[in-house]
Amino acid sequence: MIGTDEFQGRRVAFVSTRIAGTDGVSLEIEKWAAVLERAGVECVYIAGESDRTADRTRLIGEAHFKHPAIFDSTRRAFASGVRSPQLTDDILHLAQTIRAPLRQALDDFRVDAVIAQNALTIPMNIPLGIALVQVLQETGLGCVAHHHDFYWERERFLTSGVDDFLHYAFPPPLSHIQHVAINSLAGDEFTRRTGLSCRVIPNVMDFANPPEPPDDYARSFRSEIGLADDELLILQPTRVVERKGIEHSVELVRRLPGRRARLVITHASGDEGEGYANFLRLFSDLISVDVLFASDSIAEHRGASNTGKRLFTLHDAYQAADLVAYPSEYEGFGNAFLEAVYYRKPIFCQRYPIYRSDIEPCGFQTVAFDEFVTRDTVDQVARLLDDESAFNAIVNHNYEVARRHFSYEVLASELYPLLRRAFVPCSE
């Protein structure tokens with residue numbers, strides 16, 4: 001049971017560019033908020049976009065990374081190694097535009113501490129980072145900075161005309177900010193680059209409360225997307241971006257013996273273009289694999305599209321899957337991995353760096369490969385899908401491993417000490 005009386009009546013503000021949908025940052029905010037609220041902490045949200053309740057939300061248009069002025073300033077900031085005086089003025093003006101409503105929101109909500117969710121990590125919105133640092137310094141509020149994606153991990157941010165702003169706010173070296181990374185490799189690199197201490201808190205799921213069995217609606221997912229009763233559903237629960245290694249999933253489906261299988265991809269490409277999706281379509285056609293891009297059937301809530309098409313949640317897709325494919329070349333952690341474990345599905349995955357350092361040592365049993373899919377890899381998947389006893393033993397084992405290492409209870413044990421410090425105001 002998660003809970004502690006010492007936090008009753010406290011209020012925390014999550015600050016981010018976007019707190020909505022099923023992106024990794026928004027999902028982790030929801031989990032952290034659930035753990036905090038069980039301990040009596042009230043959570044409020046400040047962002048450019050939010051799907052949380054209106055009475056606990058304050059929207060600031062310029063806080064969104066897609067705001068036209070913010071998007072344009074970010075584009076110019078990473079176009080070359082120098083910046084124009086106009087860009088300097090634009091960034092600072094936008095920071096001041098954000099600063100006043102941000103401080104007002106914190107005052108109105110009577111916030112005791114701030115949790116910055118990636119807002120002081122990846123420079124998708126430089127003015128927001130600057131404004132947040134200024135407000136934290138002015139108010140003395142304690143802050144936990146939850147870092148998901150550092151700028152030095154992304155090629156697009158390696159050329160920069162804003163190095164001074166990056167050193168100022170991404171991340172800021174303030175004594176009343178506690179830093180949290182989502183994996184050990186990122187935490188080590190963070191400390192090496194900044195000289196600051198960093199706590200590692202992995203992504204989690206509520207393993208104390210397993211999912212309900214699939215209902216009739218979930219059971220209709222397969223037929224609604226066009227799968228035959230005798231087809232295997234290999235689920236790729238990711239966006240269509242190159243680092244997800246989806247061509248390995250296509251190859252696996254092509255090489256599985258005996259039974260028909262179809263690869264179902266749940267998400268669209270997002271903001272990274274359609275080049276990789278077009279490659280996958282061509283590749284799958286060349287080797288005669290039926291790939292279903294199912295993003296138009298997946299939504300945050302069940303319902304119907306404008307054309308009357310039935311919509312399903314990611315929960316429904318996991319329930320229907322025979323195997324989850326997760327052949328990523330790189331991940332910050334691996335939400336889809338934990339989700340597959342939560343829904344008790346076997347996993348075919350590449351041994352990406354964080355899997356090797358933070359996940360595999362815990363004792364999970366998967367069909368894992370390095371760089372390319374071998375005959376043995378395919379044989380392991382085939383045997384697993386044909387052996388119900390082995391299937392059940394593996395998924396149940398993985399669930400118990402995850403319960404020990406990646407549960408809400410583990411999150412609470414790591415997060416509560418950070419809160420105790422954050423709730424002590426900075427000395428004036």
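Only a predicted model underlies this, so the values are computations on that prediction, with no experimental measurement involved. Hydrogens, waters and symmetry mates play no part in the numbers below; they use all other heavy atoms, side chains included. All residue numbers refer to positions in the sequence shown, counting from 1.
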Taking the side chain as C-beta and beyond, is there a heavy-atom pair between Phe150 and Thr194 under 4.5 Å?
no
For this output row, return yes or no: ring centroids of Phe207 and Phe406 closer than 6.0 angstrom.
no
Check: Asp108/Gln104 side-chain N/O donor and acceptor closer than 3.5 Å:
yes
Non-hydrogen side-chain atoms of Val135 and Arg99 separated by less than 4.5 Å
yes
Any chance the rings of Tyr355 and Phe364 have centres within less than 6.0 Å?
no
Are Arg281 and Phe293 in a cation-pi contact, defined as NZ or CZ under 6.0 Å from the six-membered ring centre and within 45° of the axis?
yes
Say whether Gln236 and Ser249, considering side chains only, have a donor N or O and an acceptor N or O under 3.5 Å apart.
yes
Over 60° means perpendicular and under 30° means parallel, so tell me whether His179 and His147 are parallel, tilted or perpendicular.
parallel
Do Ser407 side-chain atoms and Arg404 backbone N/O form a donor-acceptor pair below 3.5 Å?
no
Can you find a heavy atom in the side chain of Pro346 that is under 4.5 Å from one in the side chain of Val395?
yes
Phe170 ring center within less than 6.0 Å of Phe165 ring center
no
Can you tell which of Phe369, Tyr326, Phe337 makes a ring pair (Phe, Tyr, Trp, His ring centres under 6.0 Å) with Phe348?
Phe369
So which heavy atom on Thr374 is nearest to which on Arg255, and how close?
C-NH2, 3.5 Å
Taking Gly21's backbone N and O only, do any of them form a donor-acceptor pair with Asp51's side chain (distance below 3.5 Å, no angle check)?
yes
Under 6.0 Å from the CD atom of Glu155, do we count more than 12 heavy atoms belonging to anything else shown?
no
With the side chain counted from C-beta on, respond yes when Leu314 and His267 share a heavy-atom pair under 4.5 Å apart, and no when they do not.
yes
Taking every heavy atom of Pro173 against every heavy atom of Leu196, the minimum-distance pair comes out as CA-CD1, 4.0 Å
Do Pro172 and Leu120 come within less than 4.5 Å of each other through their side chains, counting heavy atoms only?
yes
Do other residues, nucleotides or ligands put more than 12 heavy atoms under 6.0 Å from His93 NE2?
no
Hey, would you say the His148 and Phe333 ring centroids sit under 6.0 Å apart?
no
Is the backbone N or O of Ala368 less than 3.5 Å from a side-chain atom of Arg351, with the two atoms forming a donor-acceptor pair by type?
no
Determine the interplanar angle of the Phe14 and Tyr45 rings, folded into 0 to 90°, and report it as parallel if under 30°, tilted if 30 to 60°, perpendicular if over 60°.
parallel
Are Thr53 and Asp55 close enough that a side-chain donor and a side-chain acceptor fall under 3.5 Å?
yes
With a 4.5 Å cut-off on side-chain heavy atoms, are Thr74 and Asn125 touching?
no
Main-chain N/O of Asp188 paired to Thr191 side chain as donor or acceptor, under 3.5 Å
no
State whether the side chain of Gln350 and the backbone N or O of Glu371 hold a donor-acceptor pair below 3.5 Å, judged by distance alone.
yes
Hey, is the main chain of Asn203 close enough, under 3.5 Å, to the side chain of Lys31 for a donor-acceptor pair?
no
Is there a side-chain contact between Gln137 and Leu174 in this structure, where contact means two heavy atoms from C-beta onward sitting under 4.5 Å apart?
yes
Ile234 backbone acceptor or donor facing Asp322 side chain under 3.5 Å:
no
Identified side-chain contact (heavy atoms from CB on, under 4.5 Å) counterpart of His176 within the set Leu136, Thr139, Val424:
Leu136
Side chain of His405, backbone of Gly363: donor and acceptor closer than 3.5 Å?
no
Can you tell me if Asn118 uses its side chain to pair, donor with acceptor, with the backbone of Thr121 under 3.5 Å?
no
Any donor-acceptor N or O pair under 3.5 Å, side chains Arg18, Ser26
no
Only one of Glu242, Glu247, Lys244 clears side-chain hydrogen bond (donor to acceptor under 3.5 Å, both in side chains) with Tyr276; which?
Glu247
Within 45° of the ring axis of Phe423 and under 6.0 Å from its six-membered ring centre, is that where the NZ or CZ of Arg10 lies?
yes
Side chains of Glu153 and Tyr330 in contact at under 4.5 Å (non-hydrogen atoms)
yes
Please find out if less than 6.0 Å separates the ring center of Tyr151 from that of Phe157.
no
Within the 3.5 Å criterion, strictly below it, is a donor on Gln380 or Arg383 matched to an acceptor on the partner's side chain?
no
Give a yes or no on whether the backbone of Val341 and the side-chain of Asn398 come within a donor-acceptor separation of less than 3.5 Å.
no
